[in-house]
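Everything quoted here is computed from the prediction, not taken from an experiment. Start at 1 and go down the list; that is how both ligands and their atoms are numbered.
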Amino acid sequence: MALYLPDTYECNGESFRVYITKAQLDQRIAELGELINTEYAGKRPILVGILNGSFIFLADLMRHVTIPCEVDFYKLSSYGDEKVSSGKVTERKELDADIEGRHVIVIEDIIDTGLSMDYLLKRIKDQGPASVRVMTLLHKPDATKYDVQIDHVGFEIPTLFVLGYGLDYGQEGRNLAQIYVINSHAD
Ligand code: PRP
């Protein structure tokens, strides 16, 4: 069964077109995995995925990591079912792992305003990790209002509404195997 790779996608009354292809994602994610192998050689990092959006990126990324590593998850929500952040982070699941003294790599699908990462880095650093780095597949630098630490970015993108590859609109579209951009720029 082939991956879900339509040329266009309709969702909640909006139309979307391909923005970052599967081939581009595959190549960049392999590079990011190799970065982890190099930066953490001799260590045993814990990859902390931020649910829901990061689950597909994390799954693909982790399969390029060839050093010993672990995984755990936070679940946050700031967008609800809207295209614009509610401005308030809701924590829905804490980490299970004890990260004191551990090398933590926070894995995000997208940093938009930076609100979620600002909140999360404070929570993580309070737990006394040996180190914290942030890897995000997408970053919208023009939209970022919080001065957050970002160590590795897959793709910098303009302030456009994107979905697919874990990112949703009203909870739909996460199953698309590449990244799509909205056709209407009225937002
Ligand atoms: C999205 C995304 C990031 C956050 C980025 O999550 O996965 O966690 O928004 O936006 P920000 O930089 O403005 O905080 P969302 O709250 O939509 O939840 P989801 O991951 O379950 O889709």
A.B. asks: Are any of the side-chain nitrogens in Lys140 or Glu156 under 4.0 Å away from the carboxylate oxygens of its partner?
C.D. replies: no
A.B. asks: With a 4.0 Å cut-off on heavy atoms, is Arg174 touching ligand 1?
C.D. replies: yes
A.B. asks: Is any NZ, NE, NH1 or NH2 atom of the basic residue among Glu94 and Lys75 found under 4.0 Å from an Asp or Glu carboxylate oxygen of the other?
C.D. replies: no
A.B. asks: Can you classify the ring geometry of Phe161 versus Tyr169 as parallel (below 30°), tilted (30 to 60°) or perpendicular (above 60°)?
C.D. replies: perpendicular
A.B. asks: Can you list the atoms of ligand 1 that are under 4.0 Å from a heavy atom of Asp112?
C.D. replies: 10 (O), 11 (P), 12 (O), 13 (O)
A.B. asks: Looking at Ser77, which atoms of ligand 1 are within less than 4.0 Å of one of its heavy atoms?
C.D. replies: 16 (O)
A.B. asks: Quick check: Ile50 and ligand 1, any N/O pair under 3.5 Å apart?
C.D. replies: no
A.B. asks: Relative to ligand 1, is Asn52 under 4.0 angstrom through side chain, backbone, both or neither, heavy atoms considered?
C.D. replies: both
A.B. asks: Is the contact between Glu108 and ligand 1 made by the side chain, the backbone, both, or neither, using heavy atoms and a 4.0 Å cut-off?
C.D. replies: side chain
A.B. asks: Just say parallel, tilted or perpendicular for the rings of Tyr9 and Tyr4, cut-offs at 30° and 60°.
C.D. replies: perpendicular
A.B. asks: Give the atoms of ligand 1, by number and element, whose distance to some non-hydrogen atom of Asp168 is under 4.0 Å.
C.D. replies: 22 (O)
A.B. asks: For a side chain to side chain donor-acceptor pair (under 3.5 Å) with Tyr165, tell me which candidate from Asp109, Asn175, Asp60 qualifies.
C.D. replies: Asp60
A.B. asks: For the residue pair Glu10 and Ser15, what are the closest heavy atoms and their distance?
C.D. replies: OE2-CB, 3.2 Å
A.B. asks: Are any of the N or O atoms of Gly53 closer than 3.5 Å to those of ligand 1?
C.D. replies: yes
A.B. asks: Which bit of Lys88 gets closer than 4.0 Å to ligand 1, counting heavy atoms only: side chain, backbone, both or neither?
C.D. replies: neither
A.B. asks: Taking NZ, NE, NH1 and NH2 as the nitrogens, is one of them in Asp126 or Lys122 under 4.0 Å from a carboxylate oxygen of the other?
C.D. replies: no
A.B. asks: Atom CD of Glu39 and atom OG of Ser131: how far apart are they, to the nearest 0.5 Å?
C.D. replies: 9.5 Å
A.B. asks: Give the contacting part of Leu167 toward ligand 1: side chain, backbone, both or neither, where contact means a heavy-atom distance below 4.0 Å.
C.D. replies: neither
A.B. asks: Which atoms of ligand 1 are found less than 4.0 Å from any heavy atom of Thr113?
C.D. replies: 11 (P), 12 (O), 13 (O), 14 (O)
A.B. asks: Which of the atoms in ligand 1, numbered in the order shown and given with their element, are less than 4.0 Å from a heavy-atom of Gly114?
C.D. replies: 11 (P), 12 (O), 13 (O)
